[in-house]
Amino acid sequence: MKQLLRELPPVHELQKSDKFQKLVDTFDLSEKYVTKIIQEVLSSIRSQLLNGNNPLKHDQSQSIVESIWLRVENELHSFQKERITRVINGTGTVLHTNLGRSRLSKDAIEHVKVVAESYSNLEYNISMGKRGSRHDIIEDLLKEVTGAEAAMVVNNNAAAVFLILRALAKEKEVIVSRGQLVEIGGSFRVSAIMEESGANLVEVGTTNKTHLYDYEQAITEETGMILKVHTSNFKTIGFTKSVSTDELVHLSNQHEQLVFYEDLGSGSLYDFQQSGIGDEPVVKQVIESGVDLVSFSGDKLLGGPQAGIIVGKESLIKVLKKHQLARVLRVDKMTLAGLETTLRAYINEQAAEKLPTVRDIIKPIEQIRELVEYFIAKLQTVTSVYTCEILEDTSQVGGGTMPGVEVSTFVVAIKHQQSSAQELANQLRKGSTPVITRVKENNVLIDFRTITKEETDDLVQAFTSIGV
């Protein structure tokens, strides 16, 4: 080990090498950064040698210097690799939280591109020739699709919940059913966000049963709000009882100081129940029932970019817009551009055709089977190392929406002649275009509910290029 340590070249010698300048030019990086990587590689090798490990022993066919350059080059490749990249979602979960939830429509992507590469009227009123407000840009569209008096947008629904509680219920009591004190992804808890907002949580009822009289008995002079949280990511079944939105509207209207706020979470503008899928409430119907405020996500069932959308009574929305947190939690021009085009699809009654999220959730099973058959035919024309079988299965909506709802689908079950299903799945995941699949009973399963015909060629390429 001591001899190897003595043979490690100093950094300045490596900098004099033609290889150094070649790497600078190839990767279009500064000499300073390439030098930093060389230092890190040498430090790592030196540290391992001092600890009695020889990281160079598997490189015996190369000189020490060649081995060092190879490691430096690998580190530079890793650095240059895109951090966030496109993947093919073969899981069938439409709103896959780990895979970015909603895909934007082609129209929305084009609008985002135009706005991103240009100056825009983000905070400029063109007709008046003076400063405007980004809150005004799509408020009319949100009012149209929800029927609300007013609307605003923040950066996600958690932000919407926090802003509403902070601005309207700080140091006031907020009544919530125990059965609605949910925790969603990333350990976001309703109870914790209420504490951070300065609101005082008043729990009523039990985990499985809450009655109207529980709310009635909890109302005091200190009560500022009744909060109903839509349990988007779980269902309580069996011996249960909850209080309807209509009942809570009637109760809150009897108390002048009370705000009734419903956090819908997923927030659907499309009635999926018409397609026999789930029982998700439609935002417009909730507003029509008389709720003061409603908040929901932009990148779930809505099918747009990440955003927290707040709609409801104009007097309350005005308070929220003027609060200092509104600036902290505001969205950028690209979010507004994507959301604008997404909302227009609903106004024009084209959501089912133009929005990938809506389209994929209601995709006819016959169309899915056609895609599966198309893929198998293409794959088998280029390789014979795979066996494919079409199976009936179910897809999940995902993203913390429609818990327990499963939609019929077809999957292709694929086996490789020489490799296990897990090995094949790992290779697909690590390919140049990662393919995310499911593994079941030594089969790799690909659900074509979340795969487009345009992605099929890439999927075939992924299978033919992996080295299993």
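- Screening residues 75-96 for salt bridge (Lys or Arg N to Asp or Glu O under 4.0 Å) gives R86-D458 as the qualifying pairs, with residues at least two apart or on separate chains.
- Under the salt bridge (Lys or Arg N to Asp or Glu O under 4.0 Å) criterion, K284 pairs with no residue, sequence neighbours left out.
- Not a single donor-acceptor pair under 3.5 Å links the side chain of S252 to the backbone N or O of V259.
- For E454, the side-chain hydrogen bond (donor to acceptor under 3.5 Å, both in side chains) test picks out T452, with sequence neighbours left out.
- The list of salt bridge (Lys or Arg N to Asp or Glu O under 4.0 Å) pairs with a residue in residues 144-168, not counting sequence neighbours, is empty.
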Using distance only, find each side-chain donor-acceptor pair of residues 112-121 under 3.5 Å and give its atom names and separation, not counting sequence neighbours.
unit_1, atom_1, unit_2, atom_2, d
K113, NZ, E117, OE1, 3.4
S118, OG, V114, O, 2.8

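- Under the ring pair (Phe, Tyr, Trp, His ring centres under 6.0 Å) criterion, the residue pairs touching residues 268-316 are Y270-F272, with sequence neighbours excluded.
- Pairs engaging residues 319-368 under the ring pair (Phe, Tyr, Trp, His ring centres under 6.0 Å) rule: none recorded [sequence neighbours left out].
- Under the rule for a salt bridge (Lys or Arg N to Asp or Glu O under 4.0 Å), R429 has no partner lying at least two apart in sequence or in another chain.
- There is a side-chain donor-acceptor pair under 3.5 Å between S127 and N125.
- The side-chain hydrogen bond (donor to acceptor under 3.5 Å, both in side chains) check on E340 picks up H111, R344, with sequence neighbours excluded.
- S295 and N157 are linked by a side-chain donor-acceptor pair at a separation below 3.5 angstrom, with hydrogens and angles left out of the test.
- With sequence neighbours left out, the side-chain hydrogen bond (donor to acceptor under 3.5 Å, both in side chains) criterion links Q257 to no other residue.
- Using a distance-only test at 3.5 Å, with no hydrogens or angles considered, a donor-acceptor pair links the side chain of R178 to the main chain of G205.
- Residues satisfying the salt bridge (Lys or Arg N to Asp or Glu O under 4.0 Å) test with R103, not counting sequence neighbours, are D360, E455.
- For Y33 and F79, the ring centers are positioned less than 6.0 Å apart.
- Looking only at atom types and distance, the side chain of T383 has no donor-acceptor partner in the side chain of T464 under 3.5 Å away.
- With hydrogens and angles disregarded, no donor-acceptor distance shorter than 3.5 Å links the side chain of N253 to the backbone of H250.
- E280 and T401 share no side-chain donor-acceptor pair at under 3.5 Å.
- Judged as a side-chain hydrogen bond (donor to acceptor under 3.5 Å, both in side chains), and not counting sequence neighbours, S315 has no contacts.
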